[in-house]
Amino acid sequence: MAAVDTTLRRTLIEYGQTTLAVVVLLVGWEVLCNVLSVPKWLLPAPSQIAADTWEIRAVLPMHFGATLAAVVGGFVLAIVTGIPIAVLVVYSPFLRRVIFPFLLTLQSVPKVALAPLLLLWIGYGLHSNMIVAATVAFFPIVINTATGLESVDKELLELTRSLDASTARVFWCVRLPWALPYIFSSLKVAITLAVIGAVVAEFVGSDKGLGYLILTSSGAMKTSVMFGVLLLLSLLGIASFYAVAWAERRLCPWYLPTNTDPPAI
Amino acid sequence: MASAAAPLVSLEGVTRRFVTRSGTDVTALQEVSLAIERDQFVTVVGPSGCGKTTLLKLVGGIMPPTLGTVRLNGEVLARPSRKVGMVFQRPVLLPWRSVFENVLFPLEMLGWRTAPRKDEARRLIELVGLGGFENALPSELSGGMQQRVSICRALIYEPELLLMDEPFGALDAMTREDLSFELLRIWNEKRKTVMFVTHSITEAVLLADRVIVMTARPGRVVMDVPITLPRPRTPDTEFTAEFKDFAKTIKSAVYAEARGC
């Protein structure tokens with residue numbers, strides 16, 4: 001019981017410190033804005049941000065949902081194209097030589113610059129936002145998956161060879177699980193990139209989404225709403241990151257350190 | 001067909017060359033001929049780079065010879081044989097699988113059903129002294145325990161021949177000695193043919209019915225010594241005069257050749 005109590009106390013202290021820091025920041029911000037009479041369009045006070053964002057609460061879920069759909073859709077699309085491409089590249093030297101130059105070129109082009117072209121080809125709408133998000137998120141998945149599949153212990157592969165195991169069996173039972181931690185570390189990067197990609201697509205051409213809201217409120221000098229939407233966007237990013245991290249803990253528990261004690265304070 | 005008269009393993013004039021990255025030819029093994037009878041415990045000893053590991057890979061069928069033939073049960077070995085079990089210097093277990101599932105792993109690779117062998121897996125885990133650790137993950141075990149698991153894994157599909165490539169080389173001296181006697185006990189119970197590669201002359205003599213001494217560049221067999229020490233061998237065996245004689249003979253063969261080049 002005593003152990004539980006100390007853990008609980010420690011957790012409360014940790015969260016308490018974080019909360020305190022946030023509160024201090026917000027209060028300081030509010031006070032400074034009032035004392036120095038900072039113009040609303042330049043830097044709105046937290047109370048102003050809350051009030052103005054609250055005012056558009058009726059349309060927020062729709063915009064939030066649109067961006068969330070583009071992020072999740074783009075992320076899934078990046079996975080279902082990225083992982084098979086990595087598998088092809090690992091198993092076929094020919095495809096590696098053919099595909100890699102294209103991948104590198106695609107990666108070196110700034111996606112922001114690519115977005116207008118993609119929208120021109122595919123048209124406006126959720127599906128094109130997903131595709132833009134996917135093109136941004138896809139590269140690290142390909143690279144990490146390929147690295148993971150190739151990093152399998154050489155002696156382990158010799159063992160499978162000594163058993164005359166089929167390529168398919170070795171893939172499903174050895175290579176893919178071996179690559180899983182690599183894949184997940186790329187997914188954690190990819191999900192945050194997917195958020196960027198979705199917002200970029202919404203900037204370029206869209207009639208809904210959080211990116212679109214930022215763009216319109218900026219046009220209308222509604223800086224307070226921009227701040228509110230930015231906060232929502234970062235919440236979306238953080239939540240989706242933790243969703244991936246949670247899936248990682250569930251799917252590759254062997255990879256995580258066995259010592260889960262919190263660091264000593 | 002396999003004839004009962006043929007030795008389990010026979011190599012006839014086996015040479016293996018590699019081309020290095022820089023394009024030069026390296027002869028890892030040169031004209032090695034030897035035969036290994038069933039149920040023998042054979043150790044192969046020699047300096048690094050003498051082709052010991054290459055020899056095991058050839059017998060395991062995971063690498064073809066450049067010249068010569070490798071036969072298993074009298075048949076020319078063209079591809080990996082399921083009659084061979086391998087143990088490497090490192091345990092190379094699957095980190096996401098429990099001890100029990102790691103032991104069953106080869107059966108899945110062979111495409112066999114695991115259900116009929118589950119009791120055997122438990123028995124093997126018990127045999128190497130890991131009873132109670134069936135559900136542990138490799139990361140929860142010490143190096144010596146992991147190597148015990150890899151021995152079980154090599155035994156689960158009942159191979160006739162066990163190929164061991166410096167299996168205790170990465171362990172500390174005490175664990176190493178423990179595992180050596182453990183291996184002799186298992187060998188005694190299971191009656192397998194064993195080819196065991198090692199750097200250590202002491203280990204080679206202590207375990208073997210026969211020690212094959214190799215030298216480096218190119219890898220050749222320079223001596224083939226039957227070890228007539230009585231069994232069972234004990235930790236005291238290595239302090240007997242006979243043991244020291246064997247060790248001395250082998251050591252002089254290894255070092256004479258090493259000085260020669």
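Throughout, protein chains are lettered first and strands after them, A, B, ... in sequence-line order, and every chain is numbered starting at 1.
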* Going by distance alone, is a donor N or O of one side chain under 3.5 Å from an acceptor N or O of the other, for T198(B) and S200(B)? -> no

* Y157(B) and W112(B) aromatic ring geometry - parallel, tilted or perpendicular at 30°/60° bounds -> perpendicular

* Asked: How long is the gap from CG on L233(A) to CG on L230(A), to the nearest 0.5 Å?
  -> 6.5 Å

* Asked: Distance only, no hydrogens: is a donor on one side chain within 3.5 Å (strictly under) of an acceptor on the other, for T69(B) and E12(B)?
  -> yes

* To do: Anything in residues 117-129 of chain B with a heavy-atom distance to chain A below 4.5 Å? Please list those residues in order.
  => none

* **chain A contact residues among residues 56-65 of chain B, heavy-atom distance under 4.5 Å** => K57(B), I62(B)

* Asked: So, does S240(A) use its side chain to make a donor-acceptor pair with the main chain of G237(A) at under 3.5 Å?
  -> yes

* May I ask you to decide if E101(B)'s main-chain N or O and S98(B)'s side chain share a donor-acceptor pair within less than 3.5 Å? => yes

* Asked: Relative to Y91(A), does R175(A) satisfy both conditions: NZ or CZ under 6.0 angstrom from the six-membered ring centre, and within 45 degrees of the ring's axis?
  -> yes

* Can you spot which of V45(B), L183(B), D165(B) makes a side chain to side chain contact (heavy atoms under 4.5 Å, CB included) with F196(B)? => L183(B)

* May I ask you to decide whether R169(A) forms a salt bridge with E108(B), counting only side-chain N to carboxylate O separations under 4.0 Å? => no

* Could you tell me whether Y242(A) atom OH has more than 12 heavy atoms of other residues or ligands within 6.0 Å of it? => no

* In Å and rounded to the nearest 0.5 Å, what is the CD1 to CZ distance from I85(A) to F100(A)? -> 10.5 Å

* To do: Taking the side chain as every heavy atom from C-beta outward, state whether L55(B) and L29(B) have any atom pair closer than 4.5 Å.
  => yes

* To do: Check N73(B), V194(B), L72(B) against L161(B) for a side chain to side chain contact (heavy atoms under 4.5 Å, CB included) and give me the one that passes.
  => L72(B)

* Asked: Taking non-hydrogen atoms and a cut-off under 4.5 angstrom, which of residues 184-203 of chain A neighbour chain B?
  -> none

* To do: Go through the steps to decide whether K83(B) and E158(B) satisfy the test salt bridge (charged side-chain N to carboxylate O under 4.0 Å, His left out), and finish with yes or no.
  => CA-CA 7 Å; K83(B) 293 183 180 118; E158(B) 299 275 334; over 6 Å; no

* With only heavy atoms counted, which part of R90(B) is less than 4.5 Å from chain A, the side chain, the backbone, both or neither? -> both

* Asked: Can you check whether F100(B) and F105(B) have ring centres sitting under 6.0 Å from each other?
  -> no

* Counting only heavy atoms not in R113(B), do more than 12 sit closer than 6.0 Å to its CZ atom? -> no

* Find out whether L236(A) and L210(A) are in side-chain contact, i.e. whether some heavy atom of one side chain is under 4.5 Å from a heavy atom of the other. => yes

* By number, which residues in residues 146-167 of chain A have some heavy atom less than 4.5 Å away from chain B? -> D153(A), E155(A), L156(A), E158(A), L159(A), T160(A), R161(A), S162(A), L163(A), D164(A), A165(A)

